[in-house]
Amino acid sequence: HVLFIFRFVSMPKKFNYLLNEKININGRQIYCKVTGDPGSASDERPYVLAITGGPGFGHEITESYLRPLIEIAHEKNVPFPHFIFYDHLGCGQSDKAIDPAQEYTVDHFTDLAANVVTSIKHKLGLPRLDLYVEGGSFGSLIAMNFPLRKSEWLYADSDIRLKQVTSKVGPQGANGWVYTRKFLEDNYSEHANYENILNAQKKLFSGDFQNTEDYIINFVLPIKSLYAKDIDKSYFNTIVERLIARYPRAIMKGLDFFNRLFKAIGIEFERLNFAEIMLGKCSLDVLNHFFKTDFDGFNILERVKKNKLIYQQVPICLISATKDHIVDWRIAENINRELPDSSAAIIFEGSHMLSKMSHREVYDQLNYDLLVRGNIAPDDLVHPVIFKQTVNERFNERLASAHSSETKVGLSTTMLLTHMPERKTESVTLSEQDSAEMRREMNIDVAPLELNITQEASVIALRPKFI
């Protein structure tokens, strides 16, 4: 998908910013942006921390795929939340780590992100802040780590209140290479480029990129079709691909020049922007170090299992894809099994980069429903190819209550959207006494609710239960 950059499609409306600067986090300068119109900081709308994947990329790629939400909200005349975009340590315009072994880890990245939120709250003079955290791929590890690292933000009287977590194509961490190797063997062993694809993934998991040229030629080009299935296979783009393979540095300079030129005159092209980011704006220091030292030792599923009492206190939406070559979609389902009363698993028929799948409008609408409006309505997610669902009105009211400014948590959900056979959801191994005690302590009001949803699709079936 990196390559069909010349079939220009202009980017949606731009965000306005309350804050656009570097802030000092424990002696490191971290670049961040906060969206909003002048004077709107205290409008009681939630703040959405949008965490970029990679690791190695800056905030631009996340800001780009969330930008369509502005147009959707404008069309529907719905108030827009404040988004927090930032560059990870060592990425984009942020400082590099002084001690990579200690700083390029999931826990440290999570603590830094939390400190970004705290600093922004102080800078904007907010007495309290309702926070939603969403992350994709590597960013989802940070998002899912938030309830554990900042459990005090789950309390009703906290001045920063973590009210929702969204994980998109989130890896487990441990055993990632085992899954990827088997996926490629099962699905690509007959592919003409199989060996190059396999070697590219080996390079990623071993953290072995020598320089930008190595990254482009031996990783980006071989695996481009794994990240997005709707690549433009035109003759023109075939020539572009060959030019990139032969002259990667020159092509990168050209992309950067034209991208800057268009932006200078107020024009942005999504695919040109995306191509430049993917090809030339990845910090290989961060990418190599993380995969070489921290990724395989991190296991989000085990953390959830060991800390159910904490994770049960916040609604978590787990979005994954059945044709993802790097993340096993069953991770989302397994976490959903561990947290049947507080999580929702939505499994698409797609690849790792959901924002680049052929039915982008459905993904944009889901982001809008989760992050902006606060309810998933049937009319917004009707699609003849992907799925069609009907939702009980009471569900919308309950999901909306989680997005309200009230201090109590009003929602705990389980949604299973998958193509697996009918089965019963397992219950959490938590005594009624412990559960009641935890709810009293954290001032949580949970009321039972049954919801029936129907779906028509060739690859997906929806069988949820909301509580």
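None of these values were measured; they are calculated from a predicted model.
Here L112 contributes atom CG and H108 contributes atom NE2; the two are 6.0 Å apart, rounded to the nearest 0.5 Å. Taken to the nearest 0.5 Å, the OG atom of S167 stands 13.5 Å off from the CZ atom of F146. Rounded to the nearest 0.5 Å, atoms CG (N26) and CG (D95) are 12.0 Å apart. Rounded to the nearest 0.5 angstrom, L124 CG and L126 CG are separated by 5.0 Å. Interatomic distance, NZ of K168 versus OG of S320, reported as 13.0 Å (0.5 Å rounding). From W153, atom CH2 reaches atom CG of D130 across 12.0 Å, with rounding to the nearest 0.5 Å.
Between the N334 side chain and the R330 main chain, a donor and an acceptor come within less than 3.5 Å of each other. Put simply, the side chain of R45 gets close to the backbone of F80: a donor and an acceptor are under 3.5 Å apart. Formation of a donor-acceptor pair under 3.5 Å by the N307 side chain with backbone atoms of R303 is found in this model. Judged by distance alone, the side chain of Q201 and the main-chain N or O of I197 form no donor-acceptor pair under 3.5 Å. Although no hydrogens or angles enter the test, the distance criterion places no donor-acceptor pair under 3.5 Å between the side chain of Y368 and the main chain of A73. D37 places no side-chain N or O within donor-acceptor distance of the main-chain N or O of S40, the cut-off being under 3.5 Å. Checking side-chain atoms of S119 against main-chain N and O of V116 turns up no donor-acceptor pair under 3.5 Å. In this structure a side-chain-to-backbone donor-acceptor pair under 3.5 Å is present from D324 to V327. Of the possible donor and acceptor atoms, none in the side chain of S158 sits under 3.5 Å from a partner among the backbone N and O of L154. Side-chain atoms of T118 come within 3.5 Å of backbone N or O of A114 as a donor-acceptor pair.
H289 and D294 share no donor-acceptor pair across their side chains, judged by distance under 3.5 Å alone. A side-chain N or O of Q365 and one of D369 form a donor-acceptor pair less than 3.5 Å apart. When only modelled atom types and interatomic distance are considered, N193 and N196 share a side-chain donor-acceptor pair under 3.5 Å.
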Handout entry: salt bridge (charged side-chain N to carboxylate O under 4.0 Å, His left out) between K305 and E302, intermediate numbers included
Key = CA-CA 5 Å; K305 287 180 178 179; E302 288 303 312; 3.7 Å; yes
Exercise for the section: Before giving the answer on side-chain hydrogen bond (donor to acceptor under 3.5 Å, both in side chains), spell out for S94 and H88 the whole-Å C-alpha distance, their side-chain angles and the decisive distance to 0.1 Å. Expected result: CA-CA 7 Å; S94 292; H88 294 299; over 6 Å; no
Exercise for the section: Would you sort out whether L204 and L287 count as a side-chain contact (heavy atoms from CB on, under 4.5 Å), showing the intermediate values? Expected result: CA-CA 8 Å; L204 175 67; L287 184 67; 4.0 Å; yes
Practice task
Carefully, step by step, assess I319 and L366 under the rule side-chain contact (heavy atoms from CB on, under 4.5 Å).
Solution key: CA-CA 10 Å; I319 304 172; L366 180 59; 3.8 Å; yes
Exercise for the section: Applying side-chain contact (heavy atoms from CB on, under 4.5 Å), run through V133 and Q164 and close with a yes or a no. Expected result: CA-CA 6 Å; V133 177; Q164 179 179 309; over 6 Å; no
Practice task
Would you sort out whether H191 and Y194 count as a ring pair (Phe, Tyr, Trp, His ring centres under 6.0 Å), showing the intermediate values?
Solution key: CA-CA 5 Å; H191 194 284; Y194 173 67; 8.6 Å; no
Handout entry: H325 vs N187, side-chain hydrogen bond (donor to acceptor under 3.5 Å, both in side chains): CA-CA, chis, key distance, verdict
Key = CA-CA 9 Å; H325 70 286; N187 296 277; over 6 Å; no
Exercise for the section: List the steps, then state whether side-chain contact (heavy atoms from CB on, under 4.5 Å) holds for L49 with Y86. Expected result: CA-CA 9 Å; L49 179 66; Y86 73 101; 3.8 Å; yes
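The two residues S137 and G53 make their nearest non-hydrogen contact at CB-CA, 4.5 Å. Shortest non-hydrogen contact noted between P100 and I98 is CD-O, 3.5 Å. Scanning all heavy atoms of the two residues, the minimum distance from G90 to Y104 falls at CA-OH, 3.5 Å. The heavy-atom pair separating V314 from P147 by the smallest distance is CG1-CG, 4.0 Å. The minimum heavy-atom distance linking N288 with G207 is given by the pair OD1-C, 3.1 Å. Listed here is the closest heavy atom pair of T166 and A143: O-CB, 4.1 Å.
Residues D208 and K203 are paired through a salt bridge, judged by an N-O separation under 4.0 Å between the basic side chain and the carboxylate. For the pair R181 and E185, the salt-bridge criterion is not met [side-chain N within less than 4.0 Å of a carboxylate O]. Salt-bridge annotation for D364 and R67: absent, with no side-chain N of the basic residue lying under 4.0 Å from a carboxylate O of the acidic one.
Side-chain rings of Y31 and H59 approach one another, their centers coming within less than 6.0 Å. If you look at F290 and F295, their ring centroids are closer than 6.0 Å. Aromatic ring centres of F219 and F209 lie closer together than 6.0 Å.
A ring-ring contact (aromatic ring centres under 6.0 Å, His included) with F291 is found for one member of W177, F298, F205 and no other, namely F205.
Proximity of C32 to I120: side-chain heavy atoms (C-beta onward) are separated by under 4.5 Å at one or more points. Looking at heavy atoms from C-beta onward, V220 lies in side-chain contact with Y215 at the 4.5 angstrom threshold. At least one side-chain heavy atom of Q312 sits less than 4.5 Å from a side-chain heavy atom of L339. No side-chain heavy atom of D87 sits under 4.5 Å from any side-chain heavy atom of I30. Using a 4.5 Å heavy-atom threshold, the side chains of D111 and R149 count as touching. Between L19 and K33, the closest side-chain pair of non-hydrogen atoms is not below 4.5 Å. Two residues are said to be in side-chain contact when any heavy atoms from C-beta on lie closer than 4.5 Å; N16 and T35 fail this criterion. Annotation: side chain of L318 is in contact with side chain of M144 (closest heavy-atom distance under 4.5 Å).
Relative orientation of the F83 and F15 rings is tilted, given thresholds of 30° and 60° on the angle between their planes. Under the 30°/60° scheme for interplanar angles, the aromatic rings of F109 and F138 are found to stand perpendicular.
Under the salt bridge (charged side-chain N to carboxylate O under 4.0 Å, His left out) criterion, E103 pairs with R28, sequence neighbours left out. Residues meeting the side chain to side chain donor-acceptor pair (under 3.5 Å) test with T180, sequence neighbours left out: none.
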